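Not measured: the values here are computed from a predicted model.
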Amino acid sequence: MGIVSNTDPRRIGVSTMLNNAFERIQSRLPHDATPDNVQVYLNIPDPSLLGSDGAVEYYLIDYNSKSIFWAENVDILTDLAGSGSIVEPFESMPHLRLDLEPEFWAHVEFHPCHQPTYDFKAERELSSVLRHGCVDDMTAPGSVFPYSADECLKFLKLLERFQGDDESNDSYRRSWIARLWSSICRSRRMNRYGLPHPRVDRLQGLESYLRQQSRGSAVLALGEALCLGMSKTTFVQLTELWNGRIVYQRHWQPFLDRQRSKWRWTACGALYLLSMNAVQCVCGTTFIYLLASASFTCSTLFVSAFMLRVHSLERLKTASDIDETSFALAPSRISNTLLMAVSSNLPQTTHEFVPKVRLRPTLPSCGGDRYSGPLGSQTPVHSERVIPALSFVKDPPRVGTELESQWTTFTHPEGNKYYWQQRLKIVSLSNPNQADYDRIFRHARNIVEDLARAQNTDIQDAEAFFSVAGMDGNTIELHYYMIDHDKRVPFWLHPANVDQELPGIGPYESKDHLYLALRTEYWIHLESYPAHRMVPESAVDELTALLIHNGTDDVTSQGSISPWSADECLRYLTLFGEFKGKGPSSYQTAVIARVWSTVSRVRYMNRHGLPGPRLDRLQGIDLFIAGQLKYNLVLSIAEYLCFNIPKGMFFRLSELWNGRLVYIRHWDRFLDDYRGLCLRMASASAGIICVTTFLLSSKSLNNGMVAAISLGSIALFTSLYLHERHSNTKLGTAMDVSAYLSKSESFQYGLRPLSVLLSLPQALTIWAGLFFQVGLVLLINPLEGSEWETKTLSAWVAPLVMASLVFLFAGGGNI
């Protein structure tokens, strides 16, 4: 057993003090704690106190369990106070291990040079974790992984470059890998990785958290009304970011950057309005209106500056800063989960008892509360504060019956646990070692096999999923489905109604159509339970070929139905290429299965292999457009008044909504372009208002200028409203866009009314510019002779030429 220290032992008395501390610690260790797997860290916090009263800080490092421990009981709140440790009161030994593992990797990062061997296993696992985190960030908006997809790819490239280095660089390699592991383990601790009720998604439990804050309040309702309802959007964004009262730094920073940008623009707008108030004062505007406008404007300027100061980058630079600033409420105590409630109501059984079980078909996508269950912080637990001596040096002896060895516990890469019975091929989220669940699941398996024999079906190789749904009198209700890994589909031994028991599938027209829906559910099952079964090599090769085809299709076809762009396909291909030769793992299975589930879902949506499949986004676009082009006098007049811009907008919307299917990556591009258009039109309208107001301060008032200011103001507020209405937070998913279009689509005229609405920023800005030109003509002073005629003719011809050019340019309606 070696000693590691930050204190220089060459100083007088230091070596003796460290040796005495080491001997005292060694005397308390078990004999099988060999020097190969345990080291001790010693540090003298105050080298000036080298007498008998001098203190020596210490901890022991166990490289086998990747944890630290102490030779005596340690009270977290007293013995570790002031040490800067992240260790908190714990509810179980696995919870304590989560707390201590980041400290182990922090030790390795700070002392990387003395380890005799390099931990290649930790590096390989880190590569798998980063690949899974990359795909998770690309496919899940609520990913809890601490790094983005781009950051994961950068780390993976660095890992590849280290593989060919010699042993002289091991200390650098070990240090930065330990830093990554420390960050990942800290995130796992925060998300309760492998513990009951883990946090596997940032938005998990969001609806419950929203309901807790949606209590009626007259003051808040009045405040929301005065803020024109804009505070509701900010409230939802803040709730998503502060859900579970945990700060994910990389998601908070973009939100704060957007808010700071809004406050800066608001401050600029306030300065502009103050200058306009000064002009109005010179022009003799009524004092009461001028005072009201100036008061609100000054308040806006002050509040914007104050918010920028309070939420500056220097003040909210880290997650701790944001956590301290956030409005924290005491966590509410909610009821236990369904599993706990059911277990308390189960009858006390004996070995001869045969439970009464009722099987109810379910789907893999509905078979558990993986993303909707309660968070660990919302469940009442008893926390310990004393870390026992020699915590993980020696594994405790196994206590229990043969039952425990028949079930294997696995931890999903995202952190939730599940249980697998190899002999009976049963998988479940319910712990079989409690509430007599093992007996219930065995009896359920017997029932299923009896049903299969009655139907002359062999299900010996089929995998069964069971989950306790509740109690109906003395009958235990179980959700179940069977998995055929050869055909890659789930199935049931009971007839199942897709409207009531299997709502995730929907009505189907043929067995092939049903097969497409069930393939998606199969891959969801494999992604949910990836540790006990690996993805076959043929599925990986097929997915690789499919990604190559999708990337090529996206580059060469304007109407590609690929769910990913060419760049995203290249990312996936890079990640999957690195999986080859690395050996199977639960991370690999989860990643491959998640991508396959997306592919299967898109194939089902596009009727892959069925009669009348959708091969192109623009397929049938002519019929879709023709069905919306019914003549309507009001819409025709509105389109002409908008310079035919709605026609171009209508054709683009029809392409995106063709077949009433939403391909979100194409909609994201359209919405980004449209928001940019709204900002440009708002800037142009503000410029017209500004110039017109200054001209009115020095010239006589005329109808053209008044119309220009009026239309410019309407264009400004319309642009800002539509920009906010079509923000990423409101239309961030395909479901949001589909609901928005379904609500906005007219039964008779389709998307034409929506096209007119979306064209208003451009049209109103153009009209404001035209009336501004007319106002300029009316402001020209009469001149004598040919000079007056020439200038008057030029002043009148210029607006007409400009109007014609604008009409022709805007008629395309392209964004």
Colleague: Could you tell me whether the side chains of T733 and D736 share a donor-acceptor contact shorter than 3.5 Å?
Modeller: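 The answer is yes; a qualifying pair exists.
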
Colleague: Using the ring of each side chain (for Trp, its six-membered ring), is F145 parallel, tilted or perpendicular to Y147, with breaks at 30° and 60°?
Modeller: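 Judged by the thresholds at 30° and 60°, the geometry between F145 and Y147 is perpendicular.
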
Colleague: Please check: side-chain N/O of S600 versus main-chain N/O of W596, any donor-acceptor pairing under 3.5 Å?
Modeller: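 Checking the backbone N and O of W596 against the side chain of S600, a donor-acceptor pair under 3.5 Å is found.
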
Colleague: Backbone N or O of L493 within a donor-acceptor pair of the Q455 side chain at under 3.5 Å?
Modeller: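 Yes, Q455 side chain to L493 backbone: donor-acceptor pair under 3.5 Å.
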
Colleague: Is it true that the side chains of S148 and D137 contain a donor and an acceptor less than 3.5 Å apart?
Modeller: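 D137 and S148 do not have a side-chain donor-acceptor pair below 3.5 Å.
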
Colleague: Run through R199, R192, R594 and flag the one making a salt bridge (charged side-chain N to carboxylate O under 4.0 Å, His left out) with E414.
Modeller: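 Filter result, single survivor: R594.
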
Colleague: Have S365 and E521 got a donor and an acceptor in their side chains that come within less than 3.5 Å?
Modeller: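 Yes - a donor-acceptor pair under 3.5 Å links their side chains.
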
Colleague: Just by modelled atom types, is the S585 backbone N or O under 3.5 Å from a matching donor or acceptor in the T589 side chain?
Modeller: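 Confirmed, T589 side chain pairs with S585 backbone.
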
Colleague: Please check if the number of heavy atoms outside Y508 that lie under 6.0 Å from its OH is greater than 12.
Modeller: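 No - once you tally the heavy atoms of other residues, nucleotides and ligands closer than 6.0 Å, there are 12 at most.
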
Colleague: Sequence neighbours left out, what pairs pass salt bridge (Lys or Arg N to Asp or Glu O under 4.0 Å) with at least one residue falling in residues 507-517?
Modeller: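 Output for this query lists E509-R607.
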
Colleague: So H525 and Y529, would you call those rings parallel, tilted or perpendicular, with 30° and 60° as cut-offs?
Modeller: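 Correct class here is tilted.
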
Colleague: Any luck finding a side-chain donor-acceptor pair between R189 and Y193 under 3.5 Å?
Modeller: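 No, no side-chain donor-acceptor contact under 3.5 Å.
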
Colleague: For E449, which residues count as a side-chain hydrogen bond (donor to acceptor under 3.5 Å, both in side chains) partner, sequence neighbours excluded?
Modeller: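 Testing E449 for side-chain hydrogen bond (donor to acceptor under 3.5 Å, both in side chains), a comparison that skips the adjacent residues, returns R445.
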
Colleague: Grab the two heavy atoms, one from C152 and one from G133, that are nearest each other, plus how far apart they are.
Modeller: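 Heavy atoms of C152 and G133 come nearest at SG-C, 4.1 Å.
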
Colleague: How about H494 and Y480: are their ring centres within less than 6.0 Å of each other?
Modeller: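 Yes, close enough.
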
Colleague: Donor-acceptor pair, distance only, cut-off 3.5 Å: does the side chain of W252 make one with the backbone of V247?
Modeller: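 Between the backbone of V247 and the side chain of W252 there is no qualifying donor-acceptor contact (under 3.5 Å).
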
Colleague: Taking 4.0 angstrom as the limit, do D438 and R442 come out as a salt bridge?
Modeller: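 Salt bridge present between D438 and R442.
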
Colleague: If you measure from the Lys or Arg side-chain nitrogens to the Asp or Glu carboxylate oxygens, is any gap between R665 and D668 under 4.0 Å?
Modeller: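 D668 and R665: not salt-bridged.
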
Colleague: Report yes if the side chains of W420 and K425 come closer than 4.5 Å at any heavy-atom pair, otherwise no.
Modeller: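 Yes, at least one pair of side-chain atoms sits under 4.5 Å.
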
Colleague: With side-chain contact (heavy atoms from CB on, under 4.5 Å) as the test, pick out the partner of V427 among Y419, F410, Y418.
Modeller: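 The option that passes is Y418.
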
Colleague: Filter on salt bridge (Lys or Arg N to Asp or Glu O under 4.0 Å), then keep only pairs touching residues 455-468, sequence neighbours left out; what's left?
Modeller: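 Residue pairs passing salt bridge (Lys or Arg N to Asp or Glu O under 4.0 Å), neighbours aside: none found.
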
Colleague: If we ignore hydrogens and angles and just use 3.5 Å, is the side chain of N243 paired with the main-chain N or O of Q204 as donor and acceptor?
Modeller: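 Looks like yes, one N/O pair under 3.5 Å.
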
Colleague: Is the backbone N or O of S187 less than 3.5 Å from a side-chain atom of N191, with the two atoms forming a donor-acceptor pair by type?
Modeller: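 Judged by distance alone, yes, a pair lies under 3.5 Å.
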
Colleague: Are any of the side-chain nitrogens in R186 or D99 under 4.0 Å away from the carboxylate oxygens of its partner?
Modeller: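 Looking at R186 and D99, the cut-off is not met.
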
Colleague: Salt bridge or not for R660 and E745, using N-O below 4.0 Å?
Modeller: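 Answer for the salt bridge query: yes.
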
Colleague: Pairing donors with acceptors under 3.5 angstrom, does anything connect the side chains of Y663 and S562?
Modeller: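 No, because no side-chain N or O of Y663 sits under 3.5 Å from a partner of the opposite role on S562.
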
